[in-house]
Asks: 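My structure is below; once you've seen it, I'll send some questions.
Below, chain A is the first sequence line, B the second, and so on; all start at residue 1.
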There are 2 protein chains.
Amino acid sequence: MPQRTATKKVMLEVVKTACSNCNLRELCMPPGLDRREMEKLDELVSSRRRVARGEHLYRAGQHFDAIYAIRSGFFKTDVLIEDGRDQVTGFQMSGELLGLDGISTEAHSCNAVALEDSEVCVIPFSHLEGLSREMHTLQHHFHKVMSREIVRDHGVMMLLGTMRAEERLAAFLLNLSQRFTARGYSPAEFYLRMTRDEIGSYLGLKLETVSRAFSRFQEEGLIAVQQKYVRILSTEGLKKLMSHQRG
Amino acid sequence: MPQRTATKKVMLEVVKTACSNCNLRELCMPPGLDRREMEKLDELVSSRRRVARGEHLYRAGQHFDAIYAIRSGFFKTDVLIEDGRDQVTGFQMSGELLGLDGISTEAHSCNAVALEDSEVCVIPFSHLEGLSREMHTLQHHFHKVMSREIVRDHGVMMLLGTMRAEERLAAFLLNLSQRFTARGYSPAEFYLRMTRDEIGSYLGLKLETVSRAFSRFQEEGLIAVQQKYVRILSTEGLKKLMSHQRG
DNA sequence: GAGGCCGTTTGATCCACGTCAAACTTGGCG
DNA sequence: CGCCAAGTTTGACGTGGATCAAACGGCCTC
């Protein structure tokens with residue numbers, strides 16, 4: 001659509017950073033926008049940033065001034081306390097937001113690390129707030145996204161507080177499957193971008209326990225694993241596993 | 001201040017529900033508002049609601065249309081899954097907000113139960129969004145509050161994922177102490193509003209384990225406990241306990 | 001002031017997961 | 001092609017907290 005009036009100098013640039021023709025827009029943006037609103041939203045993204053595998057998008061303590069929408073790639077966030085212990089607080093994939101934790105104190109409270117070569121859209125937070133004041137739909141969408149994050153965290157607390165090892169891993173795999181599905185990938189077959197240690201940290205387990213649970217699932221015919229490659233053979237089996245009472 | 005122009009019919013009513021002369025305003029409201037802004041904020045609270053001990057403020061699944069600021073009292077929030085397991089996701093005291101989890105789907109995702117006779121200010125969410133669009137300070141404050149909730153949840157995930165029983169309880173007591181302090185109560189002496197079972201649920205422990213940890217802390221001279229009455233004798237001791245490496 | 005209920009404490013035992021250790025698999029690199 | 005490092009698997013053993021059980025303490029009712 002080269003006939004669109006562009007505020008940026010170079011047409012190529014516009015096409016590159018426009019939310020309005022990003023194939024992730026269903027994930028990032030409020031639904032049901034008209035053309036005018038979409039174009040306004042395009043202004044939100046000030047730039048894009050590539051983050052190579054293993055590099056930090058931001059670190060705990062750094063000044064916060066933007067949130068990030070993942071355009072491609074895969075991240076983890078983790079927090080660490082003085083004595084050296086750390087915990088992975090989440091894994092984020094394309095279309096999801098990073099950096100919401102930084103709003104509260106204007107400093108990031110966790111580290112965000114790319115688990116594969118990635119690219120993010122930089123959304124200066126002051127722009128977002130400004131545009132939110134003009135666009136009710138954007139405002140409401142943003143509030144929903146933050147709230148969803150809170151609900152998600154409650155789910156993880158549930159997992160950590162009440163589930164046993166195999167239930168946690170089953171919940172984790174089902175969650176990944178569902179998110180890959182939403183992105184048009186196979187629900188049953190995917191590569192894990194994280195190590196057993198990172199999965200364990202997220203699930204509150206040691207890497208050996210994660211590894212054993214994987215093996216057990218394989219023995220029982222629920223999945224096929226080979227290193228980071230996972231194929232789910234029985235979604236039902238995994239779900240049933242999760243609803244077993246403790247004890 | 002009876003000479004203030006009131007939009008409400010009865011002066012007494014205004015005084016009763018005005019945020020501007022609520023002694024919790026430092027906790028609820030953005031700092032540094034001028035008189036005009038404060039008066040605008042007063043309109044946010046549509047009504048107040050009393051919730052007797054043991055009653056629900058809202059239940060999971062109920063339609064969401066307002067968030068609640070606790071004026072007095074004490075609440076817990078919990079989630080439960082089909083198989084009967086449940087988990088306390090938080091304890092809330094005066095000046096704190098309840099209901100943020102409901103924004104994402106327009107339905108509450110957890111239950112909020114009063115642990116003592118309480119009173120909340122009802123803040124219709126559409127009002128809050130409306131006023132946020134007019135008042136940058138309110139908007140930013142609200143975003144910070146939501147973000148703080150996310151950071152808090154990460155702290156709980158850390159606790160559940162990496163800490164052992166006594167560390168969890170120490171962290172819990174220090175957190176309560178700090179929050180009571182912020183409200184002008186004694187940092188060292190308070191009544192627990194919740195049962196051992198509820199503490200355990202929050203901390204991912206069984207009630208017996210919580211009870212044993214209390215006893216242990218008492219033996220070691222860190223605290224004095226008698227049922228729900230707790231006196232912290234050594235904040236330092238509790239802090240040191242938390243930074244012990246696992247193993 | 002006796003009786004009953006709910007929450008708590010304490011003890012004995014069990015088990016899921018952590019810890020320690022060794023072997024194996026994979027991928028990057030000279 | 002072979003070496004090395006990083007990640008994974010698997011086994012043997014230890015332990016923190018769960019489970020089961022019983023007694024105790026406060027509080028309410030009658």
Asks: Whole Å only: how far is the CZ atom of B:Arg216 from the P atom of D:dG16?
Replies: 10 Å
Asks: As a test of reading the structure: which of C:dT10, C:dT26, C:dT19 is closest to the side chain of A:Gln226, going by heavy atoms?
Replies: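 So the nucleotide nearest the side chain must be C:dT26.
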Asks: From the options D:dT10, C:dT9, C:dC17, select the nucleotide whose nearest atom is closest to the side chain of A:Ser211.
Replies: D:dT10
Asks: Take A:Glu96 and A:Arg179 through the test salt bridge (charged side-chain N to carboxylate O under 4.0 Å, His left out) and record every step on the way to the result.
Replies: CA-CA 10 Å; A:Glu96 296 176 339; A:Arg179 284 154 75 199; 3.0 Å; yes
Asks: Quick one: A:Glu166 CD to C:dC15 C1', roughly how many Å, whole number?
Replies: 14 Å
Asks: Counting only heavy atoms not in A:Tyr229, do more than 12 sit closer than 6.0 Å to its OH atom?
Replies: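 More than 12 within 6.0 Å, yes.
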Asks: Just the rounded figure in Å: distance from P of C:dG18 to CG of A:Leu203.
Replies: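 Taking CG of A:Leu203 and P of C:dG18, I get 11 Å after rounding.
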Asks: Salt bridge check, A:Arg85 against B:Glu167: does any charged N sit closer than 4.0 Å to a carboxylate O?
Replies: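 Judged by the 4.0 Å cut-off on N to carboxylate O distance, B:Glu167 and A:Arg85 do form a salt bridge.
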Asks: At 4.0 Å (heavy atoms only), tell me whether A:Gly204 reaches a base, stays on the sugar-phosphate, or touches nothing.
Replies: sugar-phosphate
Asks: Give the rounded distance in Å between these two atoms: CD1 of B:Ile199 and P of C:dG7.
Replies: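 For the pair B:Ile199 CD1 and C:dG7 P, the rounded distance is 13 Å.
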Asks: What's the NZ-P distance between B:Lys228 and C:dC6, to the nearest Å?
Replies: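 It works out to 14 Å between those atoms.
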Asks: Looking only at side-chain N and O atoms, does A:Arg196 come under 4.0 Å of OP1 or OP2 in D:dT9?
Replies: yes
Asks: Counting side-chain heavy atoms from C-beta on, which of D:dT10, C:dT8, D:dG7 comes nearest to A:Arg212?
Replies: D:dT10
Asks: Could you check which of D:dG17, D:dT8, C:dC20 has an atom nearest any side-chain atom of B:Arg164?
Replies: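 Among D:dG17, D:dT8, C:dC20, the one nearest the side chain of B:Arg164 is D:dG17.
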Asks: When the distance from CE of B:Met163 to C1' of D:dG16 is rounded to whole Å, what number comes out?
Replies: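 In whole Å, D:dG16 C1' and B:Met163 CE are 17 Å from each other.
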Asks: Quick check on C:dC17: is either OP1 or OP2 less than 4.0 Å from any side-chain nitrogen or oxygen of A:Thr209?
Replies: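 For C:dC17, neither OP1 nor OP2 has a side-chain N or O of A:Thr209 closer than 4.0 Å.
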Asks: When the distance from CD of B:Glu198 to C1' of C:dC6 is rounded to whole Å, what number comes out?
Replies: 13 Å
Asks: Under a 4.0 Å N-O cut-off, is there an ion pair linking B:Glu119 with B:Arg49?
Replies: no
Asks: Where the side chain of B:Leu207 is concerned, which of C:dG18, C:dT9, D:dT9 is the nearest nucleotide?
Replies: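 Within the option list, the nearest is C:dT9.
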Asks: Checking A:Arg196 against A:Phe214: charged group under 6.0 Å from the ring centre and within 45 degrees of the axis?
Replies: yes
Asks: For C:dT10, does OP1 or OP2 lie under 4.0 Å from any side-chain N or O of B:Ser215?
Replies: yes
Asks: Separation of B:Leu205 atom CG from D:dT19 atom P, in whole Å?
Replies: 11 Å
Asks: How is A:Glu208 classified with respect to the nucleic acid when contacts are heavy atoms under 4.0 Å: base, sugar-phosphate, or nothing?
Replies: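 Result for A:Glu208 = base.
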